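Nothing fancy with the numbering, it's 1 onward along the sequence. This is a predicted model, so every value here is computed, not measured. All ligand and atom numbering here is 1-based and tracks the order in the structure.
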Amino acid sequence: KWKGEGTTQNLESIFIGRCYDYIRIVNPAVGEKNCSELWEAFRNAFINKDPCNILPKDYELFIKLAFHTIPANKSLFWENNQLLVKSFTSGARRYMSLSDALFGFVADFLIWCGQANSTGLDYESCPTMEECENNAVDSFWRMASITYAQHSSGVIHVLLNGSAEGGAYPVKGFFADYEIPNLQKDKISKIVIWVVDDIQGPDRDSCGKNTVKILEDRLKALGYDVTCTDNYKPVLFLLCVDYPDDSNCILSSSAPPAQRRPISSD
Ligand code: ENP
């Protein structure tokens, strides 16, 4: 009956399995967590309720149980480049985006919703954002985003896609609406923005231009020390894995030309 896809099959097993994977393998530094209790708290936020009337605060207990600190200087906010972020953070080894924290990790890529007057999940369909804002998935990410932003500290990183249609910084979106307003200014030393274009993609947005300028101005007006870099090399090189022959991906050698000639057979 809804327009969106239904609950991911095996949601409970995936959720609980991810929770154990996280606390045992991915990031044991978070300490002991009760994964079944986490699942119950998560499920109780949205079952047996009108699927269009789930609020961020319904996930409060889940967040409280799953919470752990976000290491200083490791926060990474992003828009329009989820898969790139996944490889760049390297499962919390390099940076810790929200989906590398336990409270985002368990839900990443999943869909879920319940139904009024039933304790079952709806595997047929779930409401989209257009059908209702207060759906189970969006309210979850709002609560998780708010928590993540409130606990981010030190140098904050923001990875944006300069080829995104409509601009690298969506002026309405999780980052703009739920994360920026919840950053704790006194804990933040600086905000580093990286705008990376898709290789062979259009250059729609860059530092100091269009929506990135709007973002820089907004953060400066809030009193942050802001820097912005276009096509930050470490991220660009990660994209180059799929485009080894593109001109943006060829490393210029510092060796003298004689040493760069192909080896001849004579
Ligand atoms: P999209 O639209 O590119 O990607 C949404 C996908 O990312 C969904 O599969 C969602 O899982 C997963 N996801 C991971 N982290 C978040 C998240 N954090 N979030 C919403 N979805 C997330 O991403 P968005 O909507 O623009 O969100 C990007 C935001 O995430 C940025 O603000 C960044 O700083 C933040 P699922 O379970 O919904 O399928 C917050 C909101 O980390």
Side-chain angles (χ1 to χ4, degrees), residues 2 4-12 14-15 18-19 22 26 39 42-43 45-46 51 54 56 59 62-63 66 70 74-89 91-92 95-114 121 125-152 155-183 188 191-196 198 205 211-212 215 218-219 235:
W2 302 107
E5 254 180 82
T7 301
T8 310
Q9 295 286 341
N10 309 106
L11 181 77
E12 177 175 351
I14 298 173
F15 183 104
R18 282 185 179 177
C19 174
Y22 195 88
V26 177
W39 163 254
F42 176 79
R43 178 172 173 270
F46 61 89
I54 312 298
Y59 289 99
F62 161 77
I63 291 282
I70 308 295
K74 295 278 188 187
S75 285
L76 179 72
F77 295 86
W78 56 276
E79 289 284 0
N80 299 308
N81 47 21
Q82 190 188 14
L83 295 178
L84 174 61
V85 167
K86 277 249 156 297
S87 49
F88 188 53
T89 61
Y95 292 100
M96 189 182 277
S97 70
L98 170 54
S99 54
D100 301 306
L102 175 59
F103 48 98
F105 190 85
V106 289
D108 206 15
F109 295 108
L110 304 180
I111 299 170
W112 62 90
C113 63
L121 303 177
S125 65
C126 289
T128 59
M129 181 72 179
E130 290 65 44
E131 285 171 295
C132 56
E133 215 185 339
N134 293 332
N135 65 68
V137 173
D138 284 293
S139 291
F140 170 86
W141 287 111
R142 280 181 207 124
M143 186 68 202
S145 287
I146 292 167
T147 309
Y148 176 73
Q150 284 172 339
H151 292 90
S152 289
V155 181
I156 302 292
H157 308 87
V158 185
L159 180 53
L160 302 176
N161 183 341
S163 300
E165 237 174 274
Y169 165 66
V171 292
K172 280 205 69 63
F174 284 101
F175 182 52
D177 296 336
Y178 297 97
E179 295 175 328
I180 295 177
N182 284 296
L183 293 171
I188 292 172
I191 302 186
V192 171
I193 305 170
W194 296 314
V195 184
V196 180
D198 290 338
D205 230 339
T211 65
V212 184
L215 172 61
R218 178 175 176 192
L219 295 174
V235 175

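- Contact atoms of ligand 1 toward Glu79: 24 (P), 26 (O), 28 (C), 31 (C), 32 (O) (distance under 4.0 Å to a heavy atom of the residue).
- The presence of a protein heavy atom under 4.0 Å from atom 30 (O) of ligand 1 is confirmed.
- A donor-acceptor contact shorter than 3.5 Å is absent between the side chain of Asn80 and the backbone of Ala164.
- The Leu98 neighbourhood of ligand 1 comprises atoms 18 (N), 40 (C), 42 (O), with distances under 4.0 Å to a heavy atom of that residue.
- Heavy-atom separations between Asp108 and ligand 1 include at least one value shorter than 4.0 Å.
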Quiz item: After noting the C-alpha distance and the side-chain angles of Tyr169 and Arg218, does the key distance pass the side chain to side chain donor-acceptor pair (under 3.5 Å) rule?
Solution: CA-CA 11 Å; Tyr169 165 66; Arg218 178 175 176 192; 2.9 Å; yes
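- Counting the atoms of ligand 1 from 1 in the order shown, those under 4.0 Å from a heavy atom of Ala107 are 37 (O).
- Within the 3.5 Å criterion, the main-chain N or O of Phe174 finds no donor-acceptor partner in the side chain of Asp177.
- Other residues, nucleotides and ligands contribute at most 12 non-hydrogen atoms within 6.0 Å of the CD atom of Glu5.
- A donor-acceptor pair under 3.5 Å links the side-chain atoms of His157 to the main chain of Ser75, judged by distance alone.
- Distances between N or O atoms of Phe175 and those of ligand 1 include at least one value under 3.5 Å.
- Where the criterion is an N or O separation shorter than 3.5 Å, residue side chain and backbone included, Val137 fails it with respect to ligand 1.
- At least one donor-acceptor pair under 3.5 Å links the side chain of Ser125 to the backbone N or O of Trp2.
- Separation of atoms CE (Met129) and CG (Asn134) is listed at 8.5 Å; rounding is to 0.5 Å.
- Taking the six-membered ring for Trp, Trp112 and Phe42 have ring centres closer than 6.0 Å.
- Residue-ligand proximity: Ser97 is placed with every non-hydrogen atom at 4.0 Å or more from ligand 1.
- Each of the following atoms of ligand 1 lies closer than 4.0 Å to a heavy atom of Trp112: 37 (O).
- The six-membered or imidazole ring of Tyr148 lies away from that of Phe103, with a centre-to-centre distance of 6.0 Å or more.
- Considering backbone and side-chain atoms alike, Asn81 places every N or O at 3.5 Å or more from each N or O of ligand 1.
- Residue-level proximity to ligand 1 for Glu179 is carried by the side chain, the only part with a heavy atom below 4.0 angstrom.
- Ranking protein heavy atoms by distance to atom 37 (O) of ligand 1, first place goes to Leu110 O, 2.7 Å.
- If you check which protein heavy atom lies closest to atom 27 (O) of ligand 1, you get Phe174 CD1, 3.7 Å.
- Taking only nitrogen or oxygen atoms, main chain and side chain alike, Ser99 does not reach within less than 3.5 Å of ligand 1.
- Between the choices Trp78, Tyr148, Phe105, Trp141, the shortest heavy-atom distance to atom 21 (N) of ligand 1 belongs to Trp141.
- Put simply, part of Ser145 is less than 4.0 Å from ligand 1, judged by heavy atoms.
- Under the 3.5 Å distance criterion, the side-chain polar atoms of Thr8 are left unmatched by any main-chain donor or acceptor of Leu11.
- For ligand 1, the polar-atom distance check against Phe109 finds a nitrogen or oxygen pair separated by under 3.5 Å.
- Backbone and side-chain nitrogen or oxygen atoms of Leu76 are examined, and none is located within less than 3.5 angstrom of a nitrogen or oxygen of ligand 1.
- There is no side-chain donor-acceptor pair under 3.5 Å between Gln150 and Thr147.
- A donor-acceptor distance shorter than 3.5 angstrom exists from the side chain of Asn182 to the backbone of Tyr178, with no hydrogens or angles considered.
- Where the criterion is an N or O separation shorter than 3.5 Å, residue side chain and backbone included, Gln82 meets it with respect to ligand 1.
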